[in-house]
Engineer: 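Provided herewith is a single structure, encoded as C-alpha cells, for subsequent inquiry.
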Amino acid sequence: MIQSERMTVVRQAKIAHNIFELVLHGELVQAMTPGQFVHVKVSDTLEPLLRRPISIADVNKDNSQFTMIYRAEGRGTEVLSLAATGQQIDVLGPLGHGFPVEAVPAGGTALLVGGGIGVPPLHELAKQLNARGVRTIHVLGFQSENVTFYEQQFSKLGDTYYVTVDGTKGTKGFVTTLLDELKPEFDAFYCCGPLPMLKAMENAYPEKEGYLSFEERMGCGIGACFACVCQTTDKVEKDYVKVCSDGPVFPKGVVQL
Ligand SMILES: Cc1cc2nc3c(=O)[nH]c(=O)nc-3n(C[C@H](O)[C@H](O)[C@H](O)COP(=O)(O)OP(=O)(O)OC[C@H]3O[C@@H](n4cnc5c(N)ncnc54)[C@H](O)[C@@H]3O)c2cc1C
Ligand code: FES
C-alpha cells in the first residue's frame, strides 16, 4: 500500500564524487520490493515543491531501514544531501511495479546490467535473486572511476564487472563492449540505466527474456498527472504507459525506444 511517512535519517555518507548513500528508518520499508522507488520531499518548505523520485537500493525489513543511493546534481538532491542523522524526511512510497524476481527459476542465472545512477536498484534485486537460489552476473557501467560505488557489496553477491567510458576502472567503453567479450550465459536480463543503454540491451538479446527500468520526469508519482507517459510499441491496445504507476520496470518490447 502507498503511504506517506515522516521517516528518520539513520545516517548519510558520501560514497563517491557527488554520490550519497542515505539510510532511512520507518514502517514503509515493510512493503518494499526491488525495482520500486520512493518519492521524496527534500525539504519542509515549499521550495522545491516537487518530490524527487529515487530508487530503493537496499532493504532491511528486520530493522525497518532502507537505503537509497543518489547523485546530488540539482537543487532538490543538493538539499537532500544535507540531511543529518535524526532528521525527518517526508517519503511517499513504495511506488510503482518493480523487477519480477520470479522470472528466473532457482538454479538459473540472471544478467544484471546498470548504468550510473541506474545501478542502485540492481543491488536489492541481486540480493533477492540470490536468496531464491539464482546466480547473478553484474555488469556496471559508469563515466569514470570517481563515480563508481558498491564494488564490495555487488562482488559478494555474484561475478561483478565494471566498465567506464574513460577506461579508469575495468573495461574501457560501454556495457555492450564488455558483454561482446564476455558472451555470458544467462536465462533473463534486468537493466536500469540511460535510454541508449536500455535500447542497446533490447537489441543485443532479441531471443532473451528481459526487463527494463525507465526514468522519466515526474509530478505526482502515483499515476494522476500524466507527466511521465511514454509511447508503447503496441499502438492498438494501449498507446501509452505511465512510468510511475505502470512501471518503472517493463518487460522489453513494451515501451517505444
Ligand atoms: C523511477 C526513478 C528512479 C530514480 N532513481 C534514482 C536513484 O536511485 N538515484 C539517483 O541519483 N537518481 C534517481 N532518479 C533520478 C532522480 O529522480 C533525479 O536525478 C532527480 O529528481 C533530480 O533532482 P534534482 O533536484 O537534483 O534536479 P533538478 O534539475 O533541480 O530537478 C528539477 C526537476 O526535474 C526532475 N528531474 C530531473 N532529472 C530527472 C530525472 N533524471 N528523472 C526524473 N526526474 C528528473 C526533478 O524530479 C525535478 O522535478 C530516478 C528517477 C526515476 C524516475
Ligand atoms: S508522475 Fe504523475 S502520472 Fe506519473
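Atoms considered below: every heavy atom in the structure, side chains included; atoms not considered: hydrogens, waters and symmetry mates. In each ligand, atom 1 is the first atom listed, and ligand 1 is the first ligand listed.
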Engineer: Measure from the side-chain N and O atoms of D187 to the backbone N and O of T109, and report whether any donor-acceptor pair falls under 3.5 Å.
Structural biologist: yes

Engineer: Enter the distance from F186:CZ to I137:CD1 here, rounded to the nearest 0.5 Å.
Structural biologist: 8.0 Å

Engineer: For H138 and G158, which heavy atoms make the closest approach, and how far apart are they?
Structural biologist: CE1-N, 3.5 Å

Engineer: Near ligand 1, which residues have a heavy atom under 4.0 Å away from one of its atoms?
Structural biologist: F37, L50, R51, R52, P53, I54, S55, I69, Y70, R71, E73, G74, R75, G76, T77, I117, E215, E216, R217, M218

Engineer: Which atoms form the tightest heavy-atom contact between P248 and G35, and what is the distance?
Structural biologist: CG-O, 3.5 Å

Engineer: Side chains of K14 and F20: does their closest heavy-atom pair fall under 4.5 Å?
Structural biologist: yes

Engineer: Between R75 and P48, which heavy-atom pair has the shortest distance, and what is it?
Structural biologist: NH1-CB, 4.1 Å

Engineer: Hey, could you give me each pair passing side-chain hydrogen bond (donor to acceptor under 3.5 Å, both in side chains) that has a residue in residues 188-209? Not counting sequence neighbours.
Structural biologist: E209-Y211

Engineer: Does R71 use its side chain to pair, donor to acceptor, with the backbone of I117 at less than 3.5 Å?
Structural biologist: no

Engineer: Please enumerate all residues that pass side chain to side chain donor-acceptor pair (under 3.5 Å) together with S4, with sequence neighbours excluded.
Structural biologist: D90

Engineer: Closer than 2.8 Å to atom 2 (Fe) of ligand 2, which protein N, O or S atoms?
Structural biologist: C220 SG, C225 SG

